[in-house]
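Treat the numbers as computed from the prediction; the structure is a model and nothing was measured. Indexing begins at 1, ligand by ligand and atom by atom, following the structure's order.
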Amino acid sequence: MNARPIGVFDSGLGGLTVVNEIKKALPYEDIIYLGDTARVPYGTRSKEVVKKFSLEDAIFLITRKVKCLVIACNTSSALGASEVRKISPVPVFDAISPTVKKVATLSLRKTGVIGTRGTIGSHAYRDAIKKLNAKSKIIELACPLLVPAIEEGETSGQLIRALIRKYLTPLKKEKIDSLILACTHYPIIKKEIKRFMGQGVALIDPAEEIAASLSLYLEEKNLLAPENPKAKRIYFVTDLTSRFIGVAEMFLGERISGSIKKVSL
Ligand code: DGL
């Protein structure tokens, strides 16, 4: 047993989709979340900057004595995870490792990967999948307009459908059999993506895969928190705007409860 909290960080509030999955899988765990809302987005930035920001996020959580670190942000996972692992005294879970393991179990022919420019430009998903299965065909695609559209609440209807059509038409033509939603924001529009791609394309959500692998790890290592229906959630952000609650609750999928604090890194 280990009652220390799980630390989760993201470039902003999108990582709350990962918190949502962790809460479902591990309801008794205390969670400390850090959203770098003052510096979001990471997806448009250079590798050096994403590395630096990711390290600062990780150090903030490590000093709060978390028992493990979750990199919810796909861009940080792609560009900063190896640096974070170098300095972290606790295990680090990123979005890519459990997701590609899942892909490997599905014995697929052609997999699509969508994400930010940073994630796609790194080829981190492609390279990790190829390591497990050199023959698999991977098609990667950056979809930079999806993040701002979702943050503006465009999660169904004409605008998001037009963007999905614009970005995903080439993947549909390629007849992919699975699609990795390699960005914290995309689970919010899963229904619309499914609608466009059709039932035959399996959608793989890294948020679900992170939660499943974290839960397995904590159980195997006997690090689960004792049963506690009043598990604590603390949300730290680097900027707190008037839109915080609305956007946070959209990603979290429920009313936000727990404390919310603004911090500087
Ligand atoms: N959290 C980022 C990701 O999953 C999306 C938002 C951003 O660009 O910072 O890649």
Side-chain angles (χ1 to χ4, degrees), residues 7-22 33-58 61 69-84 92-100 112-126 128 140-155 160 163 167 179-190 193 203-211 235-239 241 243-244 247-248 250-253 265:
V8 182
F9 77 82
D10 180 52
S11 55
L13 300 177
L16 293 173
T17 55
V18 177
V19 171
N20 187 15
E21 294 300 332
I22 295 175
Y33 180 85
L34 171 66
D36 193 7
T37 47
R39 303 189 293 193
V40 70
Y42 286 7
T44 52
R45 298 184 192 277
S46 68
K47 184 171 181 169
E48 285 61 42
V49 167
V50 175
K51 259 193 217 168
K52 177 178 176 286
F53 290 175
S54 305
L55 279 173
E56 288 168 2
D57 298 338
L61 292 171
L69 261 184
V70 174
I71 309 181
C73 179
N74 281 261
T75 309
S76 284
S77 295
L79 301 174
S82 52
E83 298 299 310
V84 169
V92 177
F93 293 80
D94 66 83
I96 299 167
S97 323
T99 307
V100 303
V113 185
I114 53 173
T116 64
R117 283 193 207 283
T119 299
I120 298 305
S122 74
H123 301 298
Y125 274 95
R126 181 199 67 187
E140 302 168 293
L141 205 72
C143 306
L145 290 173
L146 292 183
V147 164
I150 295 166
E151 295 223 343
E152 287 303 325
E154 297 288 344
T155 55
I160 201 74
L163 289 176
Y167 286 128
L179 179 62
I180 301 178
L181 308 179
C183 175
T184 47
H185 290 51
Y186 301 167
I188 303 290
I189 54 165
K190 222 186 246 180
I193 294 176
L203 301 186
I204 302 168
D205 178 357
E208 288 172 11
E209 303 311 322
I210 295 175
Y235 301 95
F236 290 103
V237 285
T238 51
D239 190 19
T241 65
R243 293 185 63 235
F244 173 84
V247 180
M250 172 177 72
F251 287 120
L252 198 57
L265 298 180

Decide whether N74 and Y125 meet the rule of one side-chain donor and one side-chain acceptor closer than 3.5 Å.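 The criterion, which ignores hydrogens and geometry beyond distance, is satisfied for Y125 and N74.
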
Ligand-side contact atoms (ligand 1) for residue partner [X], heavy atom cut-off under 4.0 Å:
X	result
S11	1 (N), 2 (C), 6 (C), 7 (C), 9 (O)
V40	9 (O)
T75	3 (C), 10 (O)
G43	7 (C), 8 (O), 9 (O)
C183	3 (C), 4 (O), 5 (C)
D10	1 (N)

Dump the intermediate steps for side-chain contact (heavy atoms from CB on, under 4.5 Å) on L13 and E151, then the final yes or no. CA-CA 9 Å; L13 300 177; E151 295 223 343; 5.6 Å; no

Check whether any N or O atom of T44, backbone or side chain, sits under 3.5 Å from an N or O atom of ligand 1, and answer yes or no.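 No.
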
Any N or O on V147 sitting closer than 3.5 Å to an N or O of ligand 1?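 No, there is no polar N/O contact under 3.5 Å.
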
Using ring centroids (six-membered ring only for Trp), state whether F53 and Y42 fall under 6.0 Å.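 Close enough - the centres of the two rings lie under 6.0 Å apart.
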
Quick check: does any side chain N or O of T17 sit under 3.5 Å from a backbone N or O of T184, one acting as donor and the other as acceptor?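 Here the side-chain-to-backbone pair exists.
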
Below 4.0 Å, non-hydrogen atoms only: which portion of T116 touches ligand 1? Side chain, backbone, both or neither.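 Contact part for T116 vs ligand 1: side chain (C-beta onward).
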
Crowded around R117 CZ? As in, over 12 foreign heavy atoms under 6.0 Å?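 Incorrect, the count does not exceed 12.
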
Point-to-point distance, once rounded to the nearest 0.5 Å, from CD of E83 to OG of S76: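 These two atoms lie 12.0 Å from each other.
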
CA sep, side-chain torsions, deciding dist, call: L146, H185, side-chain contact (heavy atoms from CB on, under 4.5 Å): CA-CA 8 Å; L146 292 183; H185 290 51; over 6 Å; no

